[in-house]
Protein chains: 2
Amino acid sequence: MRTVYWDQLSARDQTEALSRPAINAGDQIHDAVEQVLSKVRRHGDQALKQLTENFDGVKLDSIKVSAAEINAAAEQVDESLKQAIQQACDNIHAFHEAQRPTALDVETQPGVRCEMVSRPIESVGLYIPGGTAPLVSTVMMLAIPAKIAGCRRTVLVSPPSIAPEILYAAKLCGVDEVYSLGGAQAIAALAYGTESIAKVDKIFGPGNSYVTEAKRQVSQSHDGAAIDMPAGPSEVLVIADEEANPDFVAADLLSQAEHGADSQVVLVTPCDAMAAAVSAAVQQQLAELSREDTAAKAIANSVIIICHDLTQAVAISNQYGPEHLIIQTREPRALLNDIQHAGSVFLGDWSPESVGDYASGTNHVLPTYGYVRTYSSLSLSDFSKRFTVQELTADGLSQLAPCVTRIADAEGLDAHKRAVTIRTEFLEGLS
Amino acid sequence: MRTVYWDQLSARDQTEALSRPAINAGDQIHDAVEQVLSKVRRHGDQALKQLTENFDGVKLDSIKVSAAEINAAAEQVDESLKQAIQQACDNIHAFHEAQRPTALDVETQPGVRCEMVSRPIESVGLYIPGGTAPLVSTVMMLAIPAKIAGCRRTVLVSPPSIAPEILYAAKLCGVDEVYSLGGAQAIAALAYGTESIAKVDKIFGPGNSYVTEAKRQVSQSHDGAAIDMPAGPSEVLVIADEEANPDFVAADLLSQAEHGADSQVVLVTPCDAMAAAVSAAVQQQLAELSREDTAAKAIANSVIIICHDLTQAVAISNQYGPEHLIIQTREPRALLNDIQHAGSVFLGDWSPESVGDYASGTNHVLPTYGYVRTYSSLSLSDFSKRFTVQELTADGLSQLAPCVTRIADAEGLDAHKRAVTIRTEFLEGLS
């Protein structure tokens with residue numbers, strides 16, 4: 001890990017030390033995805049089967065996974081994993097259930113009642129990546145809030161063959177439909193629909209660069225689908241003082257690094273000795289990991305920043321805006337008020353990132369790549385939308401009428417004014 | 001207005017009756033905007049001045065509007081308008097102040113504390129269109145929630161010369177900086193920054209097709225800015241039964257129609273006589289409007305749908321998903337629970353759309369073009385973002401550890417597991 005002294009850097013070098021790799025999909029990915037979307041729109045299921053054979057090497061009889069297959073999968077999941085999934089589900093459920101919005105009902109002036117109400121998004125699509133590590137946790141993170149929100153259709157797609165754990169979790173979390181589909185073709189099916197899959201309103205979940213680009217493209221198309229948030233490589237920033245345990249810090253940095261060679265890992269500390277100890281511990285622990293090669297690449301690109309105090313450490317963290325922020329200091333909560341930009345914060349020695357990834361109850365779908373400046377951690381509100389309601393009494397309208405007609409005059413909108421005066425004149429006629 | 005009987009239409013013709021015009025920016029607009037964005041990124045203020053001279057015919061000495069100019073403008077606004085603006089501000093403030101989030105703090109299991117906290121978006125840009133009708137109401141709708149949320153910089157841009165009412169409202173609502181800029185160049189300046197304008201994090205507000213396309217393009221660029229929501233032509237759908245006043249309904253339809261020739265206007269009623277009466281009233285009132293030509297064009301494209309009962313009327317409204325939904329029936333609130341997709345709902349005879357446009361307290365920035373299926377009415381939450389926090393005690397971690405390590409095993413993520421076991425082994429060593 002490269003180590004830099006923050007105060008010795010120019011502003012430009014400080015920016016450089018916190019810079020992220022470029023992630024624009026190249027023209028090749030853009031065009032390939034565009035073609036896949038177009039094929040699925042034109043040829044529906046036939047295109048889905050063809051593309052799945054080409055990309056996944058699987059000939060699908062049926063795109064839909066049957067209830068029988070899902071039930072059979074549950075038999076293959078061992079009891080200890082079932083228990084772990086249940087405990088994680090309970091915590092995730094408790095935290096998201098607590099996010100239910102309270103109805104808003106305000107009389108802004110006598111006879112003028114304004115409300116805000118919430119409605120579930122009708123149908124949602126959940127993309128679960130396949131590959132070597134079946135992301136059973138992502139099923140829970142997406143399906144549980146969808147069910148609490150009351151979405152009428154919760155549709156899961158994942159590349160064939162779908163791991164039994166995924167099917168088990170899908171069933172446990174109340175997913176309504178499951179399809180054996182991955183890549184851009186899965187996103188196309190969700191966004192536009194085919195003979196076997198009805199289109200959904202919004203698509204959630206992580207994926208490779210093709211999936212990410214496909215989500216971006218369908219979100220820009222008027223008859224496509226909304227998406228959860230823009231995507232980028234996963235990140236962690238750890239703030240540690242001289243009290244931190246360097247082995248814990250190293251383990252946290254590595255748990256981020258194993259996600260991918262492009263993972264971003266940053267340590268910020270006011271303590272030279274801590275920087276050195278963490279660096280040594282990282283090297284030592286690295287050798288013990290099954291994903292050593294991946295983690296080593298991420299670590300090679302990562303940085304340790306030595307700053308002069310914790311106030312500056314928080315400022316550096318805010319400048320970076322990490323997806324995950326771990327604070328291992330004597331009084332971690334004392335720094336929380338000054339944290340402006342983060343996806344999820346982990347306070348103290350006993351809160352490693354992996355508890356948030358799986359089971360504390362918070363959502364692990366978080367804005368990354370600096371999008372924390374404007375985007376929120378995934379929450380119940382992403383599975384619903386809110387609209388306002390107003391109801392005026394005749395008296396309420398009469399009281400508000402001079403204000404509305406005067407502003408309508410200023411904006412030169414006659415008919416806006418007329419919609420009020422036609423009513424007040426009617427009321428005057430009555431009195 | 002065209003009148004159709006819903007039950008006599010095929011499913012395809014029903015979809016057609018509720019279809020919206022295509023609004024994809026053509027290649028010409030796309031390319032022109034791309035060039036403007038690129039010019040401003042490369043040449044900063046110099047490009048802004050050049051483009052403003054070309055497009056607005058104004059030679060700017062200074063892009064920034066000085067405090068002296070803003071104060072002078074206030075002198076020109078007459079007292080009745082000032083009072084109207086103040087009353088509207090008070091109501092908008094009351095409704096948005098009531099939207100402040102309550103902190104979420106949940107112990108999901110003993111020793112596992114999960115929170116959700118909110119932080120303001122640091123800097124926001126508000127685009128206010130220029131032209132014949134200065135949209136003083138839009139200043140209030142954007143600046144008031146920005147200030148309540150606590151945004152550190154609230155930056156307003158509007159094409160020169162900016163109307164005194166706009167400057168007055170900007171000052172009243174606490175806008176921090178005002179710039180004489182319109183069109184795609186204003187969006188470029190907000191998204192990327194120049195010598196005189198620091199970049200903002202998120203851009204809000206309506207605009208013409210160039211502004212809309214520029215917002216779309218910068219929202220897709222990693223170093224650009226987030227935006228409020230996708231844009232489309234304004235819309236109203238009125239549900240009226242035999243008790244409605246056809247003159248009121250006609251006035252409401254026309255107050256939408258005067259926005260633009262592409263405005264969408266729909267009446268749904270189970271009553272033949274109401275359909276005929278409204279149609280006649282529209283023709284009669286149309287002749288009295290200053291914007292008659294615009295409104296007439298919108299009315300020519302609009303439709304009256306005769307359905308068999310109010311339940312079906314609600315279903316039709318849900319299928320369309322109107323930006324504004326006005327319900328003028330004997331018991332309007334009885335229908336509210338079944339309304340799934342709308343931007344803002346106006347209940348009863350005394351709640352014309354223009355009260356929501358200006359002064360009831362609700363926000364007039366609403367999703368249109370069917371985006372109500374997934375997007376919300378603009379609210380305080382759009383000016384902030386939320387992140388989660390977790391803090392575990394040593395006991396809390398010990399209790400959760402078997403769950404986390406078992407799922408990490410299933411996902412094949414060693415380092416995730418190690419971040420937990422390195423801590424539990426440490427704790428076991430202590431005991």
Side-chain angles (χ1 to χ4, degrees), chain A residues 80-81 84 87 91 94-95 98 106 108 112 114 119 121 133 165 201-202 226 247 251-252 254-255 258 289-290 340 342 344-345 347 350-352 354-356 358-362 373-374 376-377 385-392 394 397 403-404 406-407 410-412 414-416 418-419 422, chain B residues 80-81 84 87 91 94-95 98 106 108 112 114 119 121 133 165 201-202 226 251-252 254-255 258 289-290 340 342 344-345 347 350-352 354-356 358-362 373-374 376-377 385-392 394 397 400 403-404 406-407 410-412 414-416 418-419 422:
Chain A
S80 68
L81 182 56
Q87 187 175 1
N91 287 348
F95 188 61
V106 176
T108 53
V112 180
C114 296
R119 294 285 185 270
I121 292 176
E165 303 90 296
D201 295 312
K202 190 170 181 179
D247 292 332
D252 291 340
L254 286 168
S255 74
E258 77 173 340
L289 298 179
S290 62
Q340 291 296 324
S344 191
V345 180
L347 294 182
W350 314 111
S351 310
S354 37
V355 302
Y358 295 141
S360 64
T362 62
R373 293 185 67 84
T374 50
S376 301
S377 161
K385 68 272 170 89
R386 289 148 296 288
F387 60 80
T388 53
V389 181
Q390 48 253 290
E391 184 173 23
L392 280 71
L397 179 63
C403 165
V404 174
R406 184 65 192 85
I407 300 177
E411 295 193 356
D414 275 14
H416 280 58
R418 188 82 187 114
I422 202 169
Chain B
S80 68
L81 183 55
Q87 187 175 2
N91 288 347
F95 188 61
V106 176
T108 52
V112 180
C114 296
R119 295 284 185 271
I121 291 176
E165 303 90 296
D201 295 312
K202 190 170 180 179
D252 291 339
L254 286 168
S255 74
E258 77 173 338
L289 298 179
S290 61
Q340 292 296 324
S344 192
V345 180
L347 293 182
W350 315 112
S351 311
S354 38
V355 303
Y358 295 141
S360 64
T362 61
R373 293 185 67 83
T374 50
S376 301
S377 160
K385 69 270 170 91
R386 289 147 298 285
F387 60 80
T388 53
V389 181
Q390 48 254 289
E391 184 172 24
L392 281 72
L397 179 62
L400 197 53
C403 165
V404 174
R406 184 66 191 84
I407 299 177
E411 294 193 356
D414 274 15
H416 281 57
R418 188 82 187 114
I422 202 168

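The structure displayed is predicted, hence computed values, not measured ones.
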Is there a donor-acceptor contact under 3.5 Å from the side chain of [X] to the main chain of [Y]?
| X | Y | value |
| --- | --- | --- |
| B:S255 | A:A415 | no |
| B:S354 | A:H416 | yes |
| B:Q390 | A:L347 | no |
| A:K385 | B:A342 | no |
| B:T108 | A:S360 | yes |

Go through the atoms of A:V355 and report whether side chain, backbone, both or neither lie under 4.5 Å from a heavy atom of chain B.
both

Using heavy-atom distances under 4.5 Å, tell me whether A:V404 contacts chain B through its side chain, its backbone, both, or neither.
both

Nearest heavy-atom approach of B:S351 to A:E391 is OG-CA, 3.5 Å

Which residue out of [options] racks up the most heavy-atom pairs below 4.5 Å with chain B?
| options | result |
| --- | --- |
| A:L392, A:I121, A:L397, A:I422 | A:L392 |
| A:R386, A:Q87, A:E258 | A:E258 |
| A:C114, A:S290, A:A98 | A:C114 |
| A:V112, A:D252, A:V106 | A:D252 |

Relative to chain A, which of [options] shows the most heavy atom pairs under 4.5 Å?
| options | value |
| --- | --- |
| B:V389, B:L254, B:L289 | B:V389 |
| B:G361, B:G412, B:S344, B:A94 | B:S344 |
| B:S377, B:A359, B:A251, B:P352 | B:P352 |

For B:A226, give me all partners under side chain to side chain contact (heavy atoms under 4.5 Å, CB included), at least two apart in sequence or on another chain.
A:T374, A:Y375, B:K202

Could you tell me which portion of B:E165 (side chain, backbone, both or neither) has an atom closer than 4.5 angstrom to a non-hydrogen atom of chain A?
side chain

